[in-house]
Amino acid sequence: MIAFVSGPVAALAPTTAVVEVGGVGMAVQCTPDTIAGLRVGEHARLATSLVVREDSLTLYGFADDDERQVFELLQTASGVGPRLAQAMLGVHSPDALRLAVSTGDEKALTAVPGIGKKGAQKLLLELKDKLGQPLGTSGLVGQQRAVAAGPAPWTEQLSAALIGLGYASREADEAVAAVTPQAEAAIAETGSAPVPQLLRAALQTLSRAR
């Protein structure tokens with residue numbers, strides 16, 4: 001098992017970081033939030049989980065060991081593969097997932113692309129005794145305050161991801177403004193902004209602008 005990779009970041013894409021390790025570029029699949037914290041040319045250390053299939057070896061990267069552990073625990077539920085597990089972590093932090101499961105928050109899980117109402121109910125049952133309680137101390141009150149604070153968290157996350165991909169701050173701000181209606185509609189419907197989808201939409205906007 002490859003527990004982590006450490007080295008300079010050679011390249012970044014919306015869902016992939018290439019980290020140079022001993023002269024070899026390791027392609028690591030990451031969430032937009034993890035990508036947003038990386039910069040090309042800067043040193044990075046990513047906790048990793050290697051997924052082995054008959055026809056592929058895929059390395060998934062995480063900001064810390066806790067995120068990796070949750071990624072692996074999520075896959076113990078039936079029907080959850082690495083892509084869906086990563087999508088869940090792309091929408092929710094590890095503690096937000098623990099909170100959703102411990103409180104039976106079906107709506108939080110259906111905010112993840114690929115999870116419907118029945119799927120969310122099934123996941124709540126299967127993960128109930130696996131993820132445990134949130135590790136942080138903010139709890140429900142902290143989450144409610146974050147929601148009340150408005151869209152700043154997702155806009156900052158999206159802007160940081162775009163800047164990390166090499167776009168100028170002005171371009172990032174314009175792209176964020178362009179996808180804001182889409183984000184607000186998603187927040188009104190599900191209670192959260194789907195950052196991975198918003199990042200793709202923002203990149204399409206920037207591509208057309210260029």
Side-chain angles (χ1 to χ4, degrees), residues 1-53 55-75 81-97 112-113 135-136 152-176 178-179 193-210:
M1 176 183 177
I2 302 174
F4 68 90
V5 295
S6 180
V9 178
L12 291 171
T15 59
T16 307
V18 178
V19 179
E20 184 179 339
V21 181
V24 177
M26 306 286 284
V28 187
Q29 301 294 311
C30 303
T31 65
D33 194 31
T34 300
I35 293 288
L38 304 176
R39 296 291 182 271
V40 172
E42 294 186 4
H43 189 277
R45 183 186 187 280
L46 296 173
T48 57
S49 179
L50 180 64
V51 176
V52 180
R53 296 286 186 264
D55 58 348
S56 66
L57 295 172
T58 307
L59 199 59
Y60 289 84
F62 310 94
D64 54 41
D65 292 336
D66 181 47
E67 194 173 73
R68 177 184 60 196
Q69 182 182 22
V70 170
F71 170 79
E72 293 174 347
L73 284 172
L74 290 172
Q75 293 176 74
R83 289 187 180 181
L84 183 55
Q86 190 175 55
M88 293 171 76
L89 286 165
V91 175
H92 300 296
S93 69
D95 262 5
L97 285 171
V112 178
L135 302 180
W154 76 261
T155 59
E156 292 174 0
Q157 186 179 353
L158 186 57
S159 180
L162 291 169
I163 292 171
L165 291 170
Y167 290 96
S169 295
R170 177 185 59 79
E171 291 178 306
D173 290 343
E174 291 173 355
V176 169
V179 301
V195 175
Q197 291 94 312
L198 293 174
L199 178 57
R200 284 193 290 270
L203 289 170
Q204 290 173 356
T205 298
L206 289 166
S207 179
R208 288 194 295 269
R210 288 185 170 183

Which atoms form the tightest heavy-atom contact between Gly41 and Pro8, and what is the distance? O-CB, 4.5 Å
Please examine the side chains of Gln69 and Leu73, heavy atoms only from C-beta on, and report whether any two atoms are closer than 4.5 Å. yes
Minimum heavy-atom separation for Ala202 and Val179, please, with both atom names. N-CG1, 3.7 Å
When rounded to the nearest 0.5 Å, the distance separating OG1 of Thr205 from CG of Leu162 is 9.5 Å
More than 12 heavy atoms from other groups under 6.0 Å of CZ on Arg39: yes
Got a salt bridge between Arg170 and Asp173, using NZ or NE/NH1/NH2 to carboxylate O under 4.0 Å? no
Compare every heavy atom of Val91 with every heavy atom of Pro113, then report the nearest pair and how far apart it is. CD-CG2, 4.0 Å
Counting N and O atoms only, with roles assigned by atom type, does the side chain of Gln75 sit under 3.5 Å from a partner on the main chain of Phe71, one being a donor and the other an acceptor? yes
Taking the side chain from Glu174 and the backbone from Glu171, do they hold a donor-acceptor pair closer than 3.5 Å? no
Using a 4.5 Å cut-off on heavy atoms from C-beta on, say whether the side chain of Pro82 contacts that of Glu72. no
Gap separating the OG1 atom of Thr58 from the CZ atom of Arg83, nearest 0.5 angstrom: 7.5 Å
Considering all heavy atoms, the nearest Val40-Ala10 contact: CG1-O, 3.8 Å
When you measure from the side chain of Glu67 to the backbone of Leu89, do you find a donor-acceptor pair of N or O atoms at a distance under 3.5 Å? no
Run Leu46 and Leu59 through side chain to side chain contact (heavy atoms under 4.5 Å, CB included) and show every step you take. CA-CA 11 Å; Leu46 296 173; Leu59 199 59; over 6 Å; no
Cation-pi check for Tyr60 against Arg68: NZ or CZ below 6.0 Å from the six-membered ring centre and within 45 degrees of the axis, yes or no? no
For Arg45 and Val5, what are the C-alpha separation, side-chain angles and deciding distance, and is it a side chain to side chain contact (heavy atoms under 4.5 Å, CB included)? CA-CA 6 Å; Arg45 183 186 187 280; Val5 295; over 6 Å; no
With rounding to the nearest 0.5 Å, note down the distance linking CD in Gln29 to CZ in Phe62. 10.0 Å
Is the closest side-chain heavy-atom distance between Ser6 and His43 below 4.5 Å? yes
Separation of Leu84 CG from Leu74 CG (nearest 0.5 Å): 8.0 Å
Quick one: are Pro14 and Leu203 in side-chain contact, heavy atoms under 4.5 Å? yes
If only atom types and distance count, is the side chain of Thr48 paired as donor or acceptor with the main-chain N or O of Ile2 below 3.5 Å? yes
Decide yes or no for Val28 and Thr16: does some side-chain heavy atom of the first lie under 4.5 Å from some side-chain heavy atom of the second? no
Within a strict 4.5 Å, meaning less than it, do heavy atoms of the Arg200 and Leu198 side chains meet? no
If you define the side chain from C-beta out and look only at heavy atoms, does anything of Ile35 sit under 4.5 Å from Thr15? no
Would you mind reporting whether Val9 and Val18 have side-chain heavy atoms less than 4.5 Å apart? no
Taking atom OG1 of Thr34 and atom CG of Leu12, what is their separation to the nearest 0.5 Å? 11.5 Å
